[in-house]
Number of protein chains: 2
Amino acid sequence: MPRKKSKPMSPGALSLVAARFKVLGEPARLSLLNALMQKDLNVNELVQATGLSQANVSKHLGMLADTGFVSRRRHGLFTVYSIEDQGVYQLCDLMCDSIARRLGNDLREIA
Amino acid sequence: MPRKKSKPMSPGALSLVAARFKVLGEPARLSLLNALMQKDLNVNELVQATGLSQANVSKHLGMLADTGFVSRRRHGLFTVYSIEDQGVYQLCDLMCDSIARRLGNDLREIA
DNA sequence: TTGCTATATAACTATTCAGGAATATAACCG
DNA sequence: CGGTTATATTCCTGAATAGTTATATAGCAA
């Protein structure tokens, strides 16, 4: 039973939305966000939390900041990052729900 | 003021979630989903609705079906697709909200 | 100033992947 | 059966981009 709720998106809105989903679609960036969801962290702490290289972390953080998902503030030598777009919590929760449903459906198909 | 709500995701969960976000992160696929959000459509109708080539549409539909976002049923010669994962409605709504907030913030920064 | 640490950026490489062209498969009709 | 339509798939090429290495910038301390 289809739901047919939301209004259709314009082509412009579509590419904006897609671009934003794509930012969340990289494991490295999602890993950074995941770490920041626990507490604000500086770059070196994020390097240790994720196991990524410093250059790679900085690059992805730059992209996350440019797209407004995180914000940064300097604290002496350090740059501390925090979640800026609180929507990422719900987005990740929803996606996890979606995966849980999918796993349940798959199991049913096998059985 | 940070929120710190969700529990941290395991590396395995992270890559699953990222992979799923990535599926939504392609304009062509999001466009197909957007069309299907209005009503179920067959491949040729989706070709016309999106302006994409038939091969391209079939390929993206295959990926959307493999990941459980859409389902397909054959109807004679036609294959009719429909939204299977109802979560895409909320996901798109949330992302649109996120964009709206971001645009508002940007304007405030300029002013 | 020099030196040190933290972070950002630039240049390069390698991989991923979207799109197109051609072909294959499937389902119907005569 | 052959023919036609609808859809799927295969192969290829080009563009986008993640990751590495090296370097640059920023801030602090002596």
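Protein chains get the first letters and strands the later ones, always in sequence-line order, with residue 1 at the start of each. In this text, all values refer to a predicted model and were calculated from it rather than measured experimentally.
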Is A:Ser53 close enough to D:dT20 that one of its side-chain N or O atoms is under 4.0 Å from OP1 or OP2 there? yes

Separation of B:Lys22 atom NZ from C:dT15 atom P, in whole Å? 15 Å

Residue closer to the 5' end of DNA chain D, A:Leu77 versus A:Met63 (nearest nucleotide): A:Met63

At under 4.0 Å, does any side-chain N or O of A:Arg72 touch on OP1 or OP2 of C:dT7? no

If we ignore hydrogens and angles and just use 3.5 Å, is the side chain of B:Gln90 paired with the main-chain N or O of B:Gly87 as donor and acceptor? no

Regarding B:Arg102 and A:Asp85, does a basic nitrogen lie under 4.0 Å from an acidic carboxylate oxygen? no

Donor-acceptor pair under 3.5 Å, B:Gln54 side chain vs D:dA8 base: yes

Between C:dT16 (C1') and B:Arg29 (CZ): distance, integer Å: 12 Å

Find which nucleotide of DNA chain C each of B:Leu52 and A:Ser58 is nearest to by heavy atoms, and output the residue with the more 5' nucleotide. A:Ser58

Validate the cation-pi geometry between A:Arg20 and A:Phe69: distance from NZ or CZ to the six-membered ring centre under 6.0 Å, angle to the ring axis within 45°. yes

Please pick, from D:dT7, D:dT20, C:dT7, the nucleotide with the shortest atom-to-atom distance to any side-chain atom of A:Asn42. C:dT7

Whole-Å gap separating C1' (D:dG27) and CZ (A:Phe78): 11 Å

Starting from P on C:dA18, measure out to CG on B:Leu64 and report it in whole angstrom. 11 Å

Could you state the atom-to-atom distance from CG of A:Asn56 to P of C:dT13 in whole Å? 18 Å

Determine yes or no for a side-chain-to-main-chain donor-acceptor pair under 3.5 angstrom, with B:Asp40 supplying the side chain and B:Val80 the backbone. no

Could you say whether A:Lys59 or A:Gly76 is positioned toward the 5' end of DNA chain D, judged by the nucleotide with the nearest heavy atom to each? A:Lys59

Check this one for me: any side-chain N or O of B:Tyr81 less than 4.0 Å away from OP1 or OP2 of D:dA8? yes

Roughly how many Å is it from NE2 in A:His60 to C1' in C:dT9, rounded to a whole number? 14 Å

d(CD, A:Glu26; C1', D:dG19) in whole Å: 11 Å

Reading DNA chain C from 5' onward, which residue's closest nucleotide shows up sooner: A:Arg74 or B:Ala55? A:Arg74

Rounded distance (Å) that lies between atom C1' of D:dA6 and atom CZ of B:Arg73: 16 Å

Count I, L, V, M, F, W, Y as connected when their side-chain heavy atoms are under 4.5 Å apart, and connections chain through other members. Are A:Leu30 and B:Leu94 then in the same cluster? yes

